[in-house]
Amino acid sequence: MQAFLAYSILPNPCSRSFFPRPTNRPQFLLSSVSESRTGAAPTARRCGGTGRSVVTAASSSPAVATTATDVPGTMKAWAYEEYGDASVLKLDEAVSVPAVGEDQVLVRVAAAALNPVDSKRRMGKFKATDSPLPTVPGYDMAGVVVKVGSQVKSLKEGDEVYGHISEKVLEGPKQFGSLAEYTAVEEKLVALKPKSIDFAQAAGLPLAIETAHEGLERAGFSAGKSILVLGGAGGVGTLVIQLAKQVYGASKVAATASTPKLELLKSLGADVAIDYTKENFEDMPEKYDVVFDAVGQGEKAVKVVKEGGSVVVLTGAVAPPGFRFVVTSDGSVLAKLNPYLEAGKVKPVVDPKGPFPFSQVVEAFSYLETGRATGKVVISPVP
């Protein structure tokens with residue numbers, strides 16, 4: 001098994017899934033279609049690599065050619081049955097495709113993205129509110145709708161969508177996440193994918209752009225105000241810079257990063273790029289209306305905020321006037337920001353080491369957990 005994890009070799013397609021399948025299994029493990037309609041499990045699809053993309057806009061990927069009439073009963077999915085480091089993740093080729101609720105759509109996942117909260121959840125930091133084990137992880141995804149619930153009003157089969165699949169990341173997250181061939185998600189949590197970006201780029205947006213947006217909203221950010229972004233080259237930071245400048249009309253955007261990433265900050269719209277390896281931002285004379293701390297430096301951040309200003313803290317200690325929040329997934333926020341994505345004013349940033357193929361999810365998590373990723377760590381294509 002260690003060799004399997006080290007090299008991420010696909011397991012034997014006849015290997016037995018560790019997801020239980022008793023005859024009286026609960027509803028959430030039931031297939032969304034009858035086995036008599038699908039016959040044998042789906043044949044394996046080859047995982048191929050994709051091109052690299054950093055701050056680029058590309059034409060939309062071809063639609064995933066799957067319809068409700070040929071949704072299989074089982075699927076490939078990464079899962080873990082115990083908490084721990086990335087080595088607990090295993091590729092299971094016979095996980096039941098999740099059932100679709102009345103207000104949900106079933107999405108054939110084309111690409112998924114990893115977030116720090118995925119790692120924390122896998123390590124058992126949210127046991128009290130987590131879904132049962134075994135768990136298919138993943139929150140962010142982009143793909144094609146292949147089935148709709150009876151109460152779904154605005155989406156249809158064939159729609160290309162993207163979104164964050166749990167309304168609250170820490171409160172009862174879904175047992176069947178986005179690191180799978182299919183995932184079920186409430187209609188209100190997704191939006192149509194902008195045509196100007198591909199699935200891999202879209203998959204990296206939802207949680208990060210919703211966090212950036214909600215943080216700016218809660219801080220009362222508006223046109224003419226200034227902002228300092230700590231961790232400007234990260235998944236959230238890259239989007240805070242762009243939203244502050246392009247959507248909210250910031251008068252000045254400053255951001256921190258290491259030396260090799262300073263030009264990236266400027267390309268995203270930062271007026272001031274601070275090299276944290278050479279300068280201490282807290283010792284600089286400039287003060288800001290809002291400090292958005294994405295790296296856990298809240299105690300230093302309060303030293304550079306103007307009187308009456310706000311400090312948004314995503315991780316680490318919180319000191320007044322700092323505050324922390326748990327993002328609420330909302331497809332309407334994605335829809336609201338879609339025009340900026342379509343116009344290229346806000347651009348997805350995918351780490352240049354990716355996208356990682358579906359066979360290398362363990363490696364992707366290990367890379368994410370180094371804390372050195374630029375933008376988002378994306379898994380694409382999902383077979």
Side-chain angles (χ1 to χ4, degrees), residues 50 53 61 64 77-79 89 98 104-122 131 135-145 160-170 173-194 197-214 234-240 294 314 326-331 333-335 337-338 341 346-351 354-358 360-361 364-365 367-369 373-382:
T50 63
S53 56
S61 300
V64 179
W78 284 91
L89 287 158
Q104 293 182 325
V105 294
L106 184 68
V107 177
R108 172 69 169 89
V109 180
L114 308 186
N115 294 283
V117 70
D118 290 299
S119 296
K120 293 177 182 179
R121 181 187 177 196
R122 191 200 64 234
S131 60
T135 295
V136 175
Y139 291 101
D140 283 338
M141 66 83 202
V144 177
V145 174
E160 296 183 357
V161 297
Y162 73 123
H164 173 267
I165 69 169
S166 289
E167 188 166 12
K168 294 284 188 180
V169 294
L170 307 182
K174 290 181 170 65
Q175 185 178 10
F176 291 84
S178 61
L179 289 173
E181 291 184 273
Y182 297 90
T183 193
V185 56
E186 287 76 17
E187 177 186 23
K188 67 180 181 179
L189 304 184
V190 300
L192 293 174
K193 181 183 73 64
I197 60 176
D198 62 26
F199 284 116
Q201 293 169 321
L205 285 169
L207 182 55
I209 202 168
E210 289 174 341
T211 299
H213 177 270
E214 189 167 341
V236 174
T238 55
L239 290 162
V240 174
L314 298 187
V326 177
V327 67
T328 300
S329 178
D330 187 348
V333 170
L334 300 178
L337 297 174
N338 271 356
L341 292 161
V346 176
K347 301 173 183 178
V349 180
V350 175
D351 186 273
F356 288 79
F358 193 64
Q360 293 182 5
V361 164
F365 264 110
Y367 176 60
L368 172 74
E369 290 160 19
T374 299
K376 293 305 298 289
V377 176
V378 173
I379 308 299
S380 177
V382 175

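- In plain terms, the two heavy atoms of Ala184 and Pro98 that are nearest each other are N-CG, 3.9 Å.
- None of Thr238, Val236, Leu334 except one satisfies the side chain to side chain contact (heavy atoms under 4.5 Å, CB included) rule with Ile209; the exception is Leu334.
- Side-chain contact check for Leu341 versus Gln201: every heavy-atom pair is 4.5 Å or farther apart.
- Taking CZ from Phe356 and CD1 from Ile379, the interatomic distance works out to 7.0 Å, rounded to the nearest 0.5 Å.
- Closest of all the heavy-atom pairs between Glu369 and Ser119 is OE2-OG, 2.6 Å.
- Contact detail for Ala203 and Ala142: the closest heavy-atom pair is N-CB, 3.8 Å.
- Under a 3.5 Å cut-off, the side chain of Thr183 and the backbone N or O of Val107 do not form any donor-acceptor pair.
- Note that the OH atom of Tyr162 and the CD1 atom of Ile197 stand 6.0 Å from one another [nearest 0.5 Å].
- At least one side-chain heavy atom of Leu89 sits less than 4.5 Å from a side-chain heavy atom of Pro137.
- Counting only heavy atoms from C-beta outward, the side chains of Arg108 and Glu181 approach each other to under 4.5 Å.
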Assess whether side chain to side chain contact (heavy atoms under 4.5 Å, CB included) is satisfied between Glu214 and Asp330, documenting all intermediate values.
-> CA-CA 10 Å; Glu214 189 167 341; Asp330 187 348; over 6 Å; no
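- The aromatic rings of His164 and Tyr139 sit parallel to each other, their planes meeting at less than 30°, with 60° as the upper class boundary.
- Residues Ser131 and Phe176 have side chains not in contact (no heavy-atom distance under 4.5 Å, counting atoms from C-beta outward).
- Contact record, Pro206 with Asp140: CB-OD1, 3.3 Å, taken as the closest heavy-atom pair.
- Nearest heavy-atom pair across Ala113 and Asp118 is O-OD2, 4.1 Å.
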Check the pair Asn115, Lys376 against side-chain hydrogen bond (donor to acceptor under 3.5 Å, both in side chains), reporting the backbone distance first and the verdict last.
-> CA-CA 8 Å; Asn115 294 283; Lys376 293 305 298 289; 3.0 Å; yes
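- Here the closest heavy-atom approach between residue Tyr367 and residue Asp351 is recorded as OH-OD2, 2.8 Å.
- Only one option out of Val327, Leu205, Leu337 pairs with Glu210 in a side chain to side chain contact (heavy atoms under 4.5 Å, CB included); it is Val327.
- No option in Val109, Val382, Leu114 other than Leu114 meets the side chain to side chain contact (heavy atoms under 4.5 Å, CB included) test with Leu179.
- Taking the side-chain contact (heavy atoms from CB on, under 4.5 Å) definition, one finds that Glu167 meets it with Lys188, Leu189, Thr328, sequence neighbours left out.
- Looking at Val161 and Lys193, their side chains never come closer than 4.5 Å, going by heavy atoms from C-beta outward.
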